[in-house]
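See structure below.
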Amino acid sequence: ASPPPQQRIGGGGSIGGSALLLKGGLELPMVQVKMAPEDPVCFGELGLLGIQKDRTASLCAENVCLVRVLHQVNFQRILSQHGENLVTNLIDSFMQKRYKSQTTPALQKLKEVGIFKEVGCSEPFLDFLAQHLEDRMFLAGQKIIDEANTDDRCMYIIGQGTVQVVKAGVEVALLSSGTVIGEITALGLESKRSASVVAKETCYMQCLHQPVVVRGLELFPADRGKILKVAFKRMGRSMSEVQEDMIEKMAPVGSERSSVRKRIEHFLETLRGSDLLKTAGSEFVEELAGVSTDRIYMPGDCIIEEGKRGASMFVMLSGEAGVYKAGGMVAQLGPGSISGELAMLGVSLIRSTTIKAHVICCMWEIAQEKALPILECYREARNHFKHIILNHLASSVPPLILSLPLFYDFDKKFKTLLGLWCEKRVYFPGTAIVKECSGGDRLCIINLGRAILEKKTVTIRTYDSGSVFGANLMLADPVHKVYLGTLRALHTCHVVMIPRAVYLQALEQYPALSAASRLQQHERVAAEELSQMIRRVCSKKLVWKRYGAILRSASGLAGMSDEEIIARCFRGWMEEADRRRESRIRQTKERAQAEKEMEQWLRKKREAVKRAAKRHEAVWHVAPEEAEDRLRTATTPRGGGGGGGGGGRAP
């Protein structure tokens, strides 16, 4: 509470307080300050933000006022502790009005940036960056750029104000309006800041985030090629002729996007040194080039992160990146390197390593959903990728056989022979591993992937990694001599198959007659249970299908697809929900009206009793309370008989 500098008469007993606003000695309309927290009145915010250095008016307390004061020093300290700055909304509109005549259009500012002049960036690229500038405000003494902070990679344009450049605690430069800072880091030409920048006074700035720059480079290949050239030059790295030719082909002539033919030629050149695709057909590679997506990664960016899910492959066109595993670098990637191919093929859904860009990396990303349909059309490429998967997963087969519960009672040497002599195959999504009602003598083991068992297009069950199917055929079951259903790959599957001949040969080498007999009995029972489950599920599906057809014809849904029926049911559900909501609202209003009428009736009844009590007070010569009690007793019906009328009349 502060003593009023100007004593006033009147309003001393009011709740809260009031103040007078004075300017040039003249009294302006009085400002009432109420104690309600939802209606606070704030003064001096422009001075707190440093927008106004001098007060433009005086505020005098008319009576005792409760005021909370926020000092600029404390405000700056809290901002620094939480790493915050002022992202302007209302302040931005104020600054735009205040400095509208002094500010330069953003596009013109970007054209004057030295690095953009040196590179020769196109106007569409600069216009894209200008549209994504973010307005910010920094108070005096607040750090705009911290050289110790490696996460901040933004570029700033000073709209109004002055900043000082500090290096090793010493001021080395003073920058004013129109200056651009941090553009080298934002463009990926440097991986860390070389100095700190501190606001000397309140500064209005525009910020450009590095992801916006990256997106611009992806959309404008011509500017991407120019910046990559400058990046290599500034980092003192010598570019090979192949890399330089790549960048030249990335920059189209007379258009924003390179032609399809140049893109395909570039892709083929890149893959010539790749062990993965160097033997693949040119037509297949051309198809991949058509569905690839341009990606730009700045120094320090994670291209692939260990432990995360992923389903795409990356082809590096230019740049350098490191491969990290368990925190340590194990390899280095350069132009033409391919990573994530097993994830793209659906073999490994979890990334096993981290790949981090060391310099600006230009890459092509090929997603699984786009690559696998192309793979189905090229037999040679499909066989090539199958061979790659088989080689990659060859070492996982022996441990799989050793840990399989199916052969738990057999000797370890017996299982080792099965692991050596078994067949390994790869099936891409949608491919049938075995077909129903077809003969065979192979046990199928899902080593990696997921498959579904179907019977006449009806899905019976799902088989995950480690599941087995067809063991009864390997054991020559006399009852079930064909596969009970079609086993179809849902994802890319690595399947281990053990023919009966291999099983008998291993059993001959390491006899285990009792274990083989128990296995045969167990699998015969399991096959019978599976057969019954298939019949039961198919019967349910058939009954439901017929019942659904009857319902459709009875309800007028015949000829409608499942999607149309679902949409119709959803609309009906929405209409019913609306009807019930309106009913609840109506009931609530009726209940409230009834309660209101009841309250009015009770109030009138109480008032009538009080008026009657006042009238009889003089007659009875009793207190009003006693008169009210007598009236209530007199007006209350008496129980029991009593015959005749007149009962309940007051004396």
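What you are looking at is a predicted structure, and each value in this text was computed from that prediction instead of being measured. Residue numbers run from 1 in the order of the sequence given.
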- Set of residues satisfying side chain to side chain contact (heavy atoms under 4.5 Å, CB included) with respect to R425, sequence neighbours excluded: E423, Y427, R442, M497
- Task: Under the ring pair (Phe, Tyr, Trp, His ring centres under 6.0 Å) rule, collect the residues that match up with Y297, sequence neighbours excluded.
- Result: none
- Query: How far apart are the closest heavy atoms of T354 and E306, and which atoms are they?
  - Reply: OG1-N, 2.8 Å
- For K424, does the NZ atom have more than 12 heavy-atom neighbours from other residues, nucleotides or ligands under 6.0 Å away? yes
- Task: Can you sort out the partners of E305 under salt bridge (Lys or Arg N to Asp or Glu O under 4.0 Å), two or more places apart, ordered by chain and number?
- Result: K308
- Would you say R153's side chain and P299's backbone share a donor-acceptor pair under 3.5 angstrom? yes
- Check: T486 side chain, E436 main-chain N or O, donor-acceptor pair, under 3.5 Å: yes
- Query: Of all residues at least two apart in sequence or in a different chain, which pass the side chain to side chain contact (heavy atoms under 4.5 Å, CB included) check with V482?
  - Reply: none
- Query: Under the salt bridge (Lys or Arg N to Asp or Glu O under 4.0 Å) rule, what pairs show up with a residue in residues 360-371, not counting sequence neighbours?
  - Reply: R295-E365
- Contacts of type salt bridge (Lys or Arg N to Asp or Glu O under 4.0 Å), residue R580, not counting sequence neighbours: E576
Counting only pairs under 3.5 Å, give me each side-chain donor-acceptor contact of residues 523-532, with atom names and distances, residues two or more places apart or in other chains.
from: E528; atom 1: OE1; to: H480; atom 2: NE2; distance (Å): 3.1
from: S531; atom 1: OG; to: R535; atom 2: NH1; distance (Å): 2.8

- Task: Could you walk me through whether R488 and I433 pass the side chain to side chain contact (heavy atoms under 4.5 Å, CB included) test, one step at a time?
- Result: CA-CA 6 Å; R488 193 178 303 278; I433 301 172; over 6 Å; no
- When you measure from the side chain of N383 to the backbone N and O of E380, does any donor-acceptor pair fall under 3.5 Å? no
- Can a donor-acceptor pair be found between the side chains of N391 and H387 at a distance below 3.5 Å? yes
- Message: So, using salt bridge (Lys or Arg N to Asp or Glu O under 4.0 Å) as the criterion, who are the partners of R591 when residues are at least two apart?
- Response: none
- Item | Partners meeting ring pair (Phe, Tyr, Trp, His ring centres under 6.0 Å) with Y378 (sequence neighbours left out) | F284
- Message: To check you understand the geometry: which heavy-atom pair defines the closest contact between Q210 and A186, and what is its length?
- Response: CG-O, 3.2 Å
- Query: Within 45° of the axis and under 6.0 Å from the centre of the six-membered ring of Y483, does NZ or CZ of K435 qualify?
  - Reply: no
- Query: Considering residues at least two apart in sequence or located in another chain, which fulfil the ring pair (Phe, Tyr, Trp, His ring centres under 6.0 Å) criterion with W573?
  - Reply: F570
- Item | Heavy-atom neighbours of E123 CD exceed 12 at 6.0 Å | no
- Message: If we ignore hydrogens and angles and just use 3.5 Å, is the side chain of R382 paired with the main-chain N or O of E376 as donor and acceptor?
- Response: yes
- Minimum side-chain heavy-atom gap K455-C437 below 4.5 Å: yes
- Query: Can you list the residues that meet the side chain to side chain contact (heavy atoms under 4.5 Å, CB included) rule with H209, with sequence neighbours excluded?
  - Reply: E134, R136, C154, C207, P211, V212
- ring pair (Phe, Tyr, Trp, His ring centres under 6.0 Å) partners of F428, counting only residues at least two apart: none
